[in-house]
Amino acid sequence: MTRTSRGYKAWLPAERWPDSSRIEAWKPLLATVTASMTLLPAGEGGPGPTALRELVSGIGTLTGLTPSLALQAGPPMIVLGSAEAAEPSPSEHDMLPLHEEAYVLRIAQSRDNGSWYAVLRGGSERGLLHAVFHFLRLLGTTTTGPVEQEVVETPRNALRMIDQWDNMDGSVERGYSGDSIFYRNNRIQLESPRIADYARLLGSIGINAISINNVNVHHEETKLITSALLPEVARLADLFADYGIQLFLSANYAAPIELGELETADPLDEDVRSWWARKAEEIYAAIPDFGGFVVKADSENRPGPFTYGRDHADGANMLADALAPFGGRVMWRCFVYDCHQDWRDRSTDRARAAYDHFKPLDGRFRDNVVLQIKNGPMDFQVREPISPLFGAMPNTNQVMEFQIAQEYTGQQRDVCFLVPQWKTYLDFDTYLKGPGSTVKRIAAGEVHPFVHSGLAAVSNIGDDDNWTGHHLAQANLFGFGRLAWNPELGAEEIAAEWSALTFGPGTPAAAFVQELLMESWPTYESYTAPLSVGWMVQPHYHYAVDVDGYEYSKWGTYHFADRDGVGVDRTIKTGTGYVGQYAAENAVHYGSIESCPDELLLFFHHVPYTHRLKSGKTVIQYIYDSRFEGAAKVEAWIERWKKLESEMDAERFAPILGRLEMQLDNARQWRDVVNTYFCRKSGIPDEHGRLIYA
Ligand code: GCU
C-alpha cells in the first residue's frame, strides 16, 4: 500500500498546481490563516482541529505555501488573508442560529485596499469542517485566481450514512476492491492508517454516519458489542468523530443467544429486553456518542422476530427502547422477502414483499426507529422502479438505501457512474401526499414529519491501493456524499467536479472522464438485462451474463421469457398486483402498457417481442440494437482513452485502460449471449442482418 500514490489520494489535494501564476494569484489569501482559539490543536481531537489541519495541509499540497497561523477568539471560524477586512456579511449573521452542520463561505476583496480574504464560518466545528472541505474543493477545481463569492450551505439530509459490509475475517461482502480496511484475521486493524484516511475521505464529502460491519452479522462480528472488543470499537469511533462522523454497528438480532447468555431472542421476553438494555448501557459507557444499530432481521436467513411469532415493530422497538435513554437509533432494514420461493408459484411476487410486510405496521414504531429501504423493490438492479414503500408510511422514520458497491452494475470492473441513476429515484414524484411528494423531499423529512431521515449507502471501498479497484469507481463514493448533502446537484455537475479534482481542472483527461462517466450507466444498461427485466446474471456472483441463471431458482427473480414474449406482469388485472402499491397516479401510469415508460416496461408487463416501444422499435429489435450499441460504445471509449496516454500519469492510465478492456470483453459476451438467447427464443431475425449466433 502506498499512501502517496495518486489513486490513494483520490479527490483530495494531491499535487502542486502546475502553473505558478495561479499560486501567485492566491498567495495573499492563502498565506495567512486566522482561526478561533478553540480550533487550535491542543492534543484533543474533534472536527475543529481537524478543520484547521486539513486546511493548512491542503494549502501546502496545492501551493507549497505554509500559511502563518494567528489566533482569534469567538465561534468556529477561520479567516484567510486579511483578517481586518473580514467583517461578517448579513447572510453570515442570518445563518448563525442555523443547523450545526451549516456553514458560510465567503471570498471577497477588501473595498479599502483591494486585498483578498476568505471567511469560513460554521454552525459548529462540524459545520466549519464542511466549510474547509468546500474551500479545498474550490481550490482543487479552479484554474484562475480568487473570484468573489458567497455560499451558505445547510445539508438537506440530516442522516448521510455509509454502510460497510465488512467481515472480521477481512472479507467484504460484495466487495470489489480488495479486502477490508477495518479487519483482518478476526482482529480490528487499529494500527492501520487507512481507517483515519477513510474517515477523511468520507468527512470531505459530508458523510456524518458510518456502520462498520456487514449487515449479515456472523459469529465474530456479534462480539463487537462485548467488553472484549468495545474498547477497540471506541477507538474507531474517535477516529471517525474527528471528521464529524458518528459510528454505528450492525447488530445480530440473536446476539443474546449467539453470545451464549440467553436461550431466546424473543423481543417481548423480559430477560431479552433487559439484556439489551444492559448492553446499551455498556456500549454507551465505552462510546458516549455511539449512533446505534443497523439491523437485518428475518431477511435472507438472518434471525429476527418472526421466529417468536412477533412482527418487525416488536423487534425494532425492543432494541429502540434499549438505546433510547442514550439517544441511539435503530436502522431497521426492510429487505425482507421469501428467499425460498418456488419458481412454479406465479402468485408470489418478491417485489411486493417489503410493502406487504411493513406498510401495515405504520405508526407502531418508536421515534428512534428508522426504516432503511432499498431504492427499488428488488435488489439494486441496473434499472428498477422506485420502492413503493418509500414515503408510504407517513408515521415512520425512513431513509433510502443505495448501493455504491457495484454488485449488479459492473462490480467496479465496468464503469457505471451511479449518480444519474440515484437522481432518477430522488427526483421521482411518489404523489403520496399530492404532487411534489418527491423522494428527495421525503428523504429530507419535508413531506412527512419524520424525526430522523436521510440517505444511506453501501460502501464500495477496500484495501486496494486506490480504494475502489477501478479508479473511476471513486466517483460513485464521492457522488453519493455530494448528493446526500444536496440532492439538487446535477449528475453532470458532480461528474465535472470529481473529474476536475481527480485529473486536474481543465485537463483533457478530466473532460473525457466527465463525458465517459455520464455515458456509463446508459451504456451498462444497454448491454445487460434489457428494459428493466433485471437479473440474467450468474447466480451468487452477479457479474457475468447468465440469462436463465435465476430463472428456475428460489430467489423470486424471474423474467418469464418464452417463444412469444418476455417480462413480468405486475398489473392489477392480470398480474401480481404489485403496481397497486403505488399512489394512484403512478399505479395508472405504470399499469398501462401505453403509458409505462419504455425503460421500465418489462418490470411491469409481459409483452410480445413484436410489441412496439415508444421509439417505434419492436422489443426484439431494441434488444438487438442496444446490445450492439453498448459494446460499440465501450470500444469507442477505449480508442479515446488511448489518446490520453501522453496527457496523464502512467499510474492511472494503464489500469484504467486495463479495466476498459475487461469491460469490453464483458459487454461483448453479454451482447452475444443475450442476442442469441432472444433470437433463438423468438425466431425473429435482426433487421440489420448482423452476426447473431443463432
Ligand atoms: C443482496 C446481496 C447480499 C446482501 C443483501 C442485503 O442480496 O447480494 O450480499 O446481504 O443484498 O442487502 O442484505
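In this text the structure is predicted, and so the values were computed from the model without any measurement. As the structure lists them, so they are numbered: ligands from 1, and atoms in each ligand from 1.
Between Tyr524 and Tyr527, the ring centre distance stays below 6.0 Å.
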Which pairs of N or O atoms, one from ligand 1 and one from the protein, are separated by less than 3.5 Å, and what is the distance for each pair?
unit_1	atom_1	unit_2	atom_2	d
ligand 1	7 (O)	Glu300	OE2	3.1
ligand 1	7 (O)	Asp379	OD2	2.8
ligand 1	8 (O)	Arg174	NE	3.0
ligand 1	8 (O)	Arg174	NH2	3.0
ligand 1	8 (O)	Glu407	OE2	2.6
ligand 1	9 (O)	Glu173	OE2	2.4
ligand 1	9 (O)	Arg174	NE	2.9
ligand 1	10 (O)	Glu173	OE2	3.0
ligand 1	10 (O)	Asn216	ND2	3.0
ligand 1	10 (O)	Lys296	NZ	3.0
ligand 1	11 (O)	Lys374	NZ	3.0
ligand 1	12 (O)	Arg333	NH2	2.7
ligand 1	12 (O)	Lys374	NZ	2.7
ligand 1	13 (O)	Lys296	NZ	2.6
ligand 1	13 (O)	Arg333	NH1	2.9

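A parallel orientation is assigned to the rings of Phe604 and Tyr590, their planes being inclined by less than 30° (bins at 30° and 60°). Aromatic ring orientation, His540 versus His542: tilted (interplanar angle from 30° to 60°). Taking the six-membered ring where tryptophan is involved, the planes of Tyr578 and Tyr582 are perpendicular, since the angle between them exceeds 60° and thus also 30°.
Judged as a side-chain hydrogen bond (donor to acceptor under 3.5 Å, both in side chains), and not counting sequence neighbours, the contacts of Trp275 are Glu261.
One distance of note links CZ of Phe358 with NE2 of His312; it measures 4.5 Å at 0.5 Å rounding.
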